[in-house]
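Reviewing the structure listed below.
This chain uses plain numbering: 1 for the first residue, then up along the sequence.
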Amino acid sequence: MTAVAPDAGTRRGRLGPRLRRAAVGWGFALPFTALFVVFLAGPVLASLLMSFTDLRSADVRNPFAVNIVGLRNYTRLFGDELFVRAAVNTAIFVLFGVPLTMVAGLAAALGLNSGLTRFRTVFRVGYYLPVVTSIVAVAVVWRFLLQPDSGLVDSLLRLAGLDGPNWLGRTDLALPSLIVMAAWRNLGYQMVIFLAGLQAIPQHLYEAARIDGATGWQQFRYVTLPSLRPTLLFVGVIGTIGYLQFFEEPLVMTRGGPLNSTLSVSYHIYNQFGFGNYGYASAMSYVLFLAIVLLSILWFRLLRSAEEVPR
């Protein structure tokens with residue numbers, strides 16, 4: 001006769017409620033899991049597989065008849081002058097747009113946190129209002145503001161006796177105009193994040209610095225900035241991800257022109273999907289995804305805390 005452990009029945013008794021709780025939990029999670037697999041994980045996996053094929057719009061009715069081309073779509077990108085131009089434009093947009101937005105957001109947060117006491121809430125709402133406004137609406141308004149003949153910007157310049165340039169019609173000014181517009185729109189979001197980070201800094205650090213005779217700039221450099229390292233990391237990563245995917249601005253304001261000077265990688269991917277080059281466009285998408293991953297890792301390496309640095 002087989003000996004049964006004294007607590008075997010107790011274990012089975014405990015296992016039953018656990019299984020029931022797990023089943024109930026998975027039952028509640030099943031709708032989201034099904035939607036996630038069907039509408040997100042499935043298409044992501046399909047697009048990855050698609051990037052290794054020559055799938056075009058004409059092949060949609062018979063997708064299993066497409067050819068596997070391996071890495072040909074990826075190697076083709078580096079010989080595509082239009083993609084290289086779009087990548088350079090996107091890099092410039094990120095290189096200048098992210099620091100400009102961070103500096104403007106931090107400056108606004110510092111002003112609201114220390115110097116401005118009256119109407120602080122009004123200014124917070126005013127800075128944040130462009131963030132909750134549709135990017136398409138913002139782009140349309142800025143397009144009218146920058147019109148060479150009837151735009152408000154050139155009208156104000158004429159009042160000062162200056163002739164305003166064609167902001168969106170010149171290859172050397174179109175992309176900087178989009179950068180300024182994007183920085184203006186996004187500084188409110190970063191201002192709120194920086195403001196939360198500033199208010200979390202212990203005040204005794206500033207008191208100790210003042211006792212030691214530190215000036216305002218020294219307090220900012222040696223107390224504020226080091227204490228804002230996690231906030232800077234978050235804002236830098238989120239801003240870089242958003243700016244790498246900039247799409248609505250050139251779509252609405254310039255259509256990628258003039259002479260492709262504002263064509264972005266996302267806009268180029270959109271055009272290739274519209275042309276029916278599904279495999280090639282998917283390869284572009286994953287190159288952009290790889291750039292996002294690499295730049296995010298770079299931010300983490302630059303701004304990780306001192307405790308995380310290996311010795």
Side-chain angles (χ1 to χ4, degrees), residues 81-111 127-128 130-131 133 135 138-139 141-143 145-146 151 153-154 157 164-194 225 228-229 231-270 284 287-303:
E81 295 183 359
L82 200 56
F83 175 79
V84 173
R85 180 62 183 273
V88 171
N89 292 339
T90 303
I92 294 174
F93 193 84
V94 173
L95 184 62
F96 290 95
V98 172
L100 177 61
T101 309
M102 293 178 66
V103 170
L106 180 57
L110 289 170
Y127 279 120
Y128 196 76
V131 179
T133 305
I135 177 59
V138 171
V141 170
W142 272 77
R143 186 179 64 186
L145 289 175
L146 297 176
V153 175
D154 282 4
L157 290 176
N166 188 357
W167 300 99
L168 301 179
R170 289 178 48 175
T171 56
D172 58 336
L173 292 178
L175 188 59
S177 300
L178 296 188
I179 293 174
V180 172
M181 188 271 286
W184 170 83
R185 180 180 181 269
N186 291 287
L187 76 88
Y189 172 77
Q190 298 197 3
M191 177 204 68
V192 172
I193 304 299
F194 278 126
L225 284 182
L228 285 179
R229 186 188 296 267
T231 307
L232 290 168
L233 174 60
F234 175 79
V235 169
V237 171
I238 296 299
T240 301
I241 292 174
Y243 277 40
L244 277 172
Q245 302 177 79
F246 88 106
F247 168 73
E248 292 89 348
E249 296 90 340
L251 175 67
V252 176
M253 298 180 67
T254 61
R255 294 291 179 178
L259 300 177
N260 298 316
S261 61
T262 59
L263 181 69
S264 66
V265 174
S266 295
Y267 195 12
H268 191 34
I269 293 171
Y270 169 80
M284 289 186 195
V287 169
L288 180 61
F289 170 74
L290 181 62
I292 291 174
V293 172
L294 293 178
L295 288 178
S296 298
I297 294 174
L298 179 61
W299 273 109
F300 275 94
R301 292 186 64 87
L302 289 175
L303 292 176

**Q.** Heavy-atom check, side chain of Met253 versus side chain of Thr262, under 4.5 Å
**A.** no
Here the gap from Thr254 atom OG1 to Leu259 atom CG, rounded to the nearest 0.5 Å, amounts to 11.5 Å
Tyr127 atom OH, neighbour heavy-atom count above 12 within 6.0 Å
no
* Asked: Checking Asn89 side chain against Gly256 main chain: does a donor-acceptor pair fall under 3.5 Å?
  -> no
Partner of Trp299 under side chain to side chain contact (heavy atoms under 4.5 Å, CB included), picked from Ile238, Val235, Leu232, Val98, is Val98
Rounding to 0.5 Å, atoms CZ (Phe246) and CD1 (Ile179) come to a distance of 8.0 Å
Practice task
Please check if the side chain of Tyr267 supplies one atom and the backbone of Ala86 the other of a donor-acceptor pair under 3.5 Å.
Solution key: no
Query raised in the report: Any chance CZ of Phe247 has more than 12 other-residue heavy atoms, nucleotides or ligands included, within less than 6.0 Å?
Result: yes
**Message:** Has Arg185 got a side-chain atom pairing as donor or acceptor with Thr133's backbone, closer than 3.5 angstrom?
**Reply:** yes
Going by atom type alone, with no hydrogens or angles, which donor-acceptor pairs under 3.5 Å involve a side-chain atom of residues 167-176 and a protein atom two or more places apart or on another chain?
{"unit_1": "Trp167", "atom_1": "NE1", "unit_2": "Asp154", "atom_2": "OD1", "d": "2.8"}
{"unit_1": "Arg170", "atom_1": "NE", "unit_2": "Asp172", "atom_2": "OD1", "d": "3.1"}
{"unit_1": "Arg170", "atom_1": "NH2", "unit_2": "Asp172", "atom_2": "OD2", "d": "2.8"}

Distance col, row Thr231:OG1 vs Ile193:CD1, nearest 0.5 angstrom, shows 8.0 Å
Side chain to side chain contact (heavy atoms under 4.5 Å, CB included) filter on Phe83, not counting sequence neighbours, yields Leu77, Asp80, Val265, His268, Met284, Val287
What one should report as the nearest heavy-atom pair of Ser266 and Leu288 is OG-CD2, 3.7 Å
Between Val237 and Phe300, is any pair of side-chain heavy atoms under 4.5 Å apart?
-> yes
Between Tyr128 and Gly188 the two heavy atoms that sit nearest each other are CD1-O, 3.5 Å
CG of Leu263 to OH of Tyr270, rounded to nearest 0.5 Å, is 13.0 Å
One should read off an interatomic distance between Ile297 CD1 and Ile292 CD1, to the nearest 0.5 angstrom, of 12.0 Å
Item checked: Side-chain donor/acceptor of Arg143 to backbone N/O of Val252, under 3.5 Å -> yes
In this structure, CH2 of Trp142 is separated from CD1 of Ile135 (nearest 0.5 Å) by 11.0 Å
